[in-house]
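Quick caveat: nothing in here was measured; it's all calculated off a predicted structure.
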Amino acid sequence: MTENLRWAWVAFPDEVPQGGLKSCNVNGRVVVLSRFGDRYGAVDSRCPHMGGPLGEGEILNGLLVCPWHGREYDPVSGECSLGEPAQAFSVELREDGIYVGTPNAPTR
């Protein structure tokens, strides 16, 4: 549900090369923006396996590979066949660039 998200502009489309990654600060958290084909994805930069920096990884065969232990994550959904998924965030391609939506902080 996109109405409960806080959107932030992160990049122009040409800033993320085909099969490439870009680390971005989005609403106080580091997110890895990726591009593979015509798909853009955004996942938390911290690998859920052992905290590796996914932003320093690479895209191989359409998967985001952690540089520490080689865990493979879908760069859009965050799914991992070997365990806990990476947290994925919504991405929108708009006229003025790429936006990532993160959950709003709960109100007290």
Side-chain angles (χ1 to χ4, degrees):
M1 294 178 40
T2 59
E3 65 268 5
N4 293 325
L5 298 178
R6 183 174 168 204
W7 291 94
W9 182 93
V10 293
F12 291 109
D14 61 355
E15 288 182 69
V16 185
Q18 190 62 248
L21 304 172
K22 176 182 171 89
S23 291
C24 310
N25 188 325
V26 180
N27 301 326
R29 63 179 84 205
V30 180
V31 170
V32 179
L33 183 65
S34 62
R35 179 180 177 189
F36 187 75
D38 61 352
R39 297 177 1 164
Y40 288 90
V43 296
D44 192 303
S45 183
R46 186 180 185 283
C47 177
H49 175 235
M50 294 194 71
L54 291 177
E56 295 176 18
E58 61 184 328
I59 300 282
L60 289 175
N61 300 317
L63 297 172
L64 172 56
V65 181
C66 179
W68 283 9
H69 297 103
R71 291 269 173 133
E72 297 175 332
Y73 298 91
D74 182 287
V76 176
S77 71
E79 291 299 315
C80 177
S81 63
L82 297 175
E84 184 180 353
Q87 183 176 9
F89 303 101
S90 296
V91 177
E92 285 187 359
L93 182 57
R94 301 181 186 173
E95 265 186 43
D96 62 336
I98 303 167
Y99 286 76
V100 172
T102 57
N104 279 322
T107 56
R108 296 180 190 226

Inset, instruction - For residues L54 and A86, report the shortest heavy-atom separation together with the two atoms involved. - result: CD1-CB, 4.2 Å
Inset, instruction - Return the minimal non-hydrogen interatomic distance between A8 and N27, and the atom names on each side. - result: CB-OD1, 3.8 Å
Legend entry - D38 atom CG: more than 12 heavy-atom contacts under 6.0 Å: no
Legend entry - ILVMFWY network linking V30 to V43, side-chain heavy atoms under 4.5 angstrom: no
Inset, instruction - Identify the heavy atoms of W9 and Y99 that sit nearest to each other, and give their distance. - result: N-CD2, 3.4 Å
Legend entry - E92 (side chain) donor-acceptor with I98 (main chain) under 3.5 angstrom: no
Legend entry - Heavy-atom closest contact (G52 atom, C66 atom, distance): CA-SG, 4.1 Å
Inset, instruction - Look at the side-chain heavy atoms of Ile, Leu, Val, Met, Phe, Trp and Tyr, link any pair under 4.5 Å apart, and say whether Y73 and F36 land in one connected group. - result: yes
Inset, instruction - Over all heavy atoms of both residues, which pair between P17 and E15 is shortest? Give the atoms and the distance, please. - result: CD-O, 3.5 Å
Inset, instruction - Give a yes or no on whether L63 and L60 share a hydrophobic cluster (residues Ile, Leu, Val, Met, Phe, Trp, Tyr; joining criterion: side-chain heavy atoms under 4.5 Å apart). - result: no
Legend entry - Nearest heavy-atom neighbours spanning A88 and S77: CB-O, 3.3 Å
Legend entry - C47 side, atom SG; E84 side, atom CD - distance, nearest 0.5 Å: 9.0 Å
Inset, instruction - Go through the steps to decide whether H49 and W68 satisfy the test side-chain contact (heavy atoms from CB on, under 4.5 Å), and finish with yes or no. - result: CA-CA 10 Å; H49 175 235; W68 283 9; over 6 Å; no
Inset, instruction - Kindly say whether L82 contributes a backbone atom to a donor-acceptor pair with the side chain of R71 at under 3.5 angstrom? - result: yes
Inset, instruction - Check the hydrophobic clustering (I, L, V, M, F, W, Y; side-chain heavy atoms under 4.5 Å; chains of links allowed) and say if F89 and L33 are grouped together. - result: yes
Inset, instruction - Check the pair R39, D74 against side-chain contact (heavy atoms from CB on, under 4.5 Å), reporting the backbone distance first and the verdict last. - result: CA-CA 11 Å; R39 297 177 1 164; D74 182 287; 3.7 Å; yes
Legend entry - 4.5 Å side-chain heavy-atom contact, P85 and P48: no
Inset, instruction - Hey, could you give me the CZ/CG distance between F12 and D96, rounded to the nearest 0.5 Å? - result: 7.5 Å
Inset, instruction - Answer whether the closest heavy-atom distance between the side chains of I59 and S34 falls below 4.5 Å. - result: yes
Legend entry - Y40-V26 co-clustered via ILVMFWY side chain contacts under 4.5 Å: yes
